[in-house]
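First up is the structure itself, then whatever we jot down about it.
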Amino acid sequence: CSRMASPCESLFYSSELSAFETPLVNSSRKPQTESELLEYYEVDKCVQFVKESNFNKVALQFPDELLVDSTHLSHILEQKTGARMYILADTSYGSCCVDEIAAQHINADCIIHFGRVTLIPSDRLPVLCVFGREPIDCDDCLVKFRSLFPDPNSYVLILSDVLYYYSQDCIVSRLIQDYNNLVASVVDKSASVTVGNSESDGCGDKVGVPSRVTEVFESLCGRKFQLAVEKSLEDYAVFFIGCEGPVLTNFMMVLNKCQFYSYNPVTHSGRKETLNVNRSLMRRYFLIQKAKDAKVVGIVVGTLGIGDYLSIVERLKKVIKKAGKKCYLFVVGKLNPAKLANFMEIDVFVLVAAPENSLIDSQEFYRPVVTPYELEIACIRSRQWTGDYRTDFRELLPGAAGHVDFENERAGDDEPEFSLITGSLKSMENTEGDPDESSQALVKRDPMQIATRQSTGAQFLSGRSWKGLEQRVGESSVGLAGKGRKGIAIAYEDEPQT
């Protein structure tokens, strides 16, 4: 049953009973029989994965909605493989991220991840991804598709949530008979993760590909596809199979020049998406302007299981330093406003996480939370805002399509910039260090001179009106200890009642 929150319950406080009142999240269809469970979790594929490499310790990662089957499934896998199974019930980060950190605590040999997952390679342990087989009415999906696209010559790109990926080939193979310009995405098997149901119930990876296609594969969030010759993504409409959520939002932000349509298998509804992408992009552009004005940046590491996360952290450090800003590094498990509110000296946070988890609505946060791509727009002059959007931070690294070299740019204090937030000119301090021998500075620091350096955090704390208890040794008279306040901080007993 629902209840109204008391005034003292907020983002930073909740009743101790709230943890017990949280309802158990159920999947849209829980496997009822033993055969359904074996099929849903692809037990044969899991057994083959464990036996082929002789794994002895296997970590099983479940999202909350599938934990109800975790113990029964682990017993089945132990009987069939002889390996020891460990259930990762509370992941360090989001449930869609492979939790290699928790698996290493038990020295696991591999991880089997069930449910929705980010299709990004992991670099520590072998991973088998089992998406599951959420129910979908393929016939109803076909009817909704034909009503949304009455023209058989329409150029349509089909994307799907991984929970319904197994049904995509079946749907596309029936649509391709009437639609000649249909393109279906497939899971990118070049990643270092093994996908359980990548060979879905259809005609294979070539289904839904036009006869005349480019030789170059387009890649998007762990999926790949081939477009027709002389066609670009802007020429295609996108049909998404899945429910509303971060996956659909991520696709719409990245492919913001495409018109989106979706089919929700739970509500059996097909519709034209009306999310105002331009408004969302303008909101992100506002956050970029806030990042430009920031002097102290907090790099929040929201994943330790995605490959190249250390590379983007090092790149962000160099970008921030080049722009004349200071930075601090934080490792945060599950992001929430209460955690980040402890660091008020930070002007803006940049989140390093999976693409689906990078777009944080920071309206509830005391400081803006931006993506690595947005921070680079704010700090690198050669990276301009064009309306194109990238949520995968790997696209910013050297060798990727979205990489921009900033090493040869001049320091950030060469010329002042106009702030759209404050409406005034601002100049950034240079933190590149001391001038070298070729510097034309009028006065150089004596090598024997001792210089003091104060951290940015200390400067912020020194400006606070309250700095803590002051001892004042020898300045105050000694007195007897008196009775203090009684109760809790939000309601002392001696406070007047309002």
Side-chain angles (χ1 to χ4, degrees), residues 25-29 65 96 115-116 119 131-187 200 202 207-208 218 220-223 225 227 231-284 355-357 359 361 387 389 391:
V25 179
N26 293 319
S27 178
S28 58
R29 183 201 66 178
E65 61 269 19
C96 62
R116 183 179 287 109
L119 299 173
F131 302 149
R133 294 170 176 258
E134 289 295 314
I136 180 174
D137 188 343
C138 294
D139 293 332
D140 184 65
C141 181
L142 292 171
V143 172
K144 297 299 191 298
F145 182 93
R146 290 189 170 94
S147 64
L148 293 172
F149 300 98
D151 184 5
N153 295 320
S154 301
Y155 286 86
V156 183
L157 169 64
I158 295 184
L159 300 172
S160 63
D161 193 333
V162 293
L163 301 180
Y164 305 98
Y165 178 69
Y166 75 97
S167 65
Q168 181 175 292
D169 280 1
C170 176
I171 295 173
V172 175
S173 61
R174 296 167 64 179
L175 287 174
I176 199 66
Q177 301 173 8
D178 302 322
Y179 294 84
N180 299 323
N181 299 316
L182 207 62
V183 173
S185 63
V186 295
V187 171
S200 50
V207 65
E218 299 282 345
L220 177 66
C221 299
R223 300 160 177 84
F225 45 87
L227 302 180
K231 291 293 180 179
S232 61
L233 274 172
E234 289 78 6
D235 300 321
Y236 282 79
V238 179
F239 183 74
F240 177 78
I241 303 173
C243 304
E244 293 184 52
V247 178
L248 177 58
T249 302
N250 180 59
F251 281 138
M252 294 184 68
M253 291 293 290
V254 175
L255 302 177
N256 54 74
K257 297 179 182 179
C258 299
Q259 177 60 57
F260 267 75
Y261 301 81
S262 68
Y263 174 75
N264 191 324
V266 176
T267 61
H268 301 281
S269 61
R271 68 179 186 183
K272 178 180 179 180
E273 291 296 329
T274 57
L275 172 66
N276 193 337
V277 179
N278 290 332
R279 184 175 181 180
S280 300
L281 289 174
M282 290 308 298
R283 168 65 183 170
R284 307 308 302 187
E356 291 85 352
N357 300 330
L359 296 174
D361 186 4
Y389 202 81
T391 56

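Here CG of L233 is found 5.0 Å from CG of L227. Values are rounded to the nearest 0.5 Å. Between atom CG of residue D169 and atom CD1 of residue I176 there is a gap of 11.5 Å, rounded to the nearest 0.5 Å. Rounding to the nearest 0.5 Å places CE of M252 at 15.5 Å from NZ of K257. Separating the CZ atom in R116 from the CD atom in E356 is a distance of 9.0 Å, to the nearest 0.5 Å. In this structure, M253 CE and T391 OG1 are separated by 9.0 Å, a value rounded to the nearest 0.5 Å. Summarising the geometry, atom CG belonging to N256 is positioned 13.0 Å from atom CZ belonging to R284; distances are rounded to the nearest 0.5 Å.
Y179 contributes a side-chain N or O that, together with a main-chain N or O of F149, makes up a donor-acceptor pair within less than 3.5 Å. Q168 places no side-chain N or O within donor-acceptor distance of the main-chain N or O of I241, the cut-off being under 3.5 Å. For Y164 (side chain) and P265 (main-chain N/O), no donor-acceptor pair under 3.5 Å exists by modelled atom type. At least one donor-acceptor pair closer than 3.5 Å links the side chain of D235 to the backbone N or O of S232.
For the pair V266 and E244, the minimum side-chain heavy-atom distance is 4.5 Å or more. Residues D140 and Y263 have side chains in contact (heavy-atom distance under 4.5 Å, counting atoms from C-beta outward). For the pair R271/S262, a side-chain contact is recorded, criterion being any heavy-atom separation below 4.5 Å from C-beta on. Using a 4.5 Å heavy-atom threshold, the side chains of E273 and V238 count as separate. Using a 4.5 Å heavy-atom threshold, the side chains of F225 and I158 count as separate.
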message: Using the rule given for side-chain contact (heavy atoms from CB on, under 4.5 Å), can you reason through L182 versus F145, listing the C-alpha separation, both sets of side-chain angles and the distance that settles it, and then say yes or no?
response: CA-CA 12 Å; L182 207 62; F145 182 93; 3.7 Å; yes
query: Taking it one step at a time, do D161 and E134 satisfy side-chain contact (heavy atoms from CB on, under 4.5 Å)?
result: CA-CA 10 Å; D161 193 333; E134 289 295 314; over 6 Å; no
- request: Kindly indicate, with the supporting measurements, whether the criterion side-chain contact (heavy atoms from CB on, under 4.5 Å) is fulfilled by L255 and F260.
  value: CA-CA 9 Å; L255 302 177; F260 267 75; 3.9 Å; yes
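Residues Y389 and L281 share a closest heavy-atom pair of CD1-CD2, 4.1 Å. Scanning all heavy atoms of the two residues, the minimum distance from S269 to K144 falls at CA-CE, 4.4 Å. The nearest pair of heavy atoms linking N181 to S154 is CB-O, 3.4 Å.
In terms of the side chain to side chain donor-acceptor pair (under 3.5 Å) criterion, R283 has no residue partners (sequence neighbours excluded).
Looking at D139 and R174, a side-chain N of the basic residue comes within less than 4.0 Å of a carboxylate O on the acidic one, giving a salt bridge.
Taking the ring centroids of Y261 and F239, they lie at or beyond the 6.0 Å cut-off.
No option in I171, D178, V172 other than I171 meets the side chain to side chain contact (heavy atoms under 4.5 Å, CB included) test with L175.
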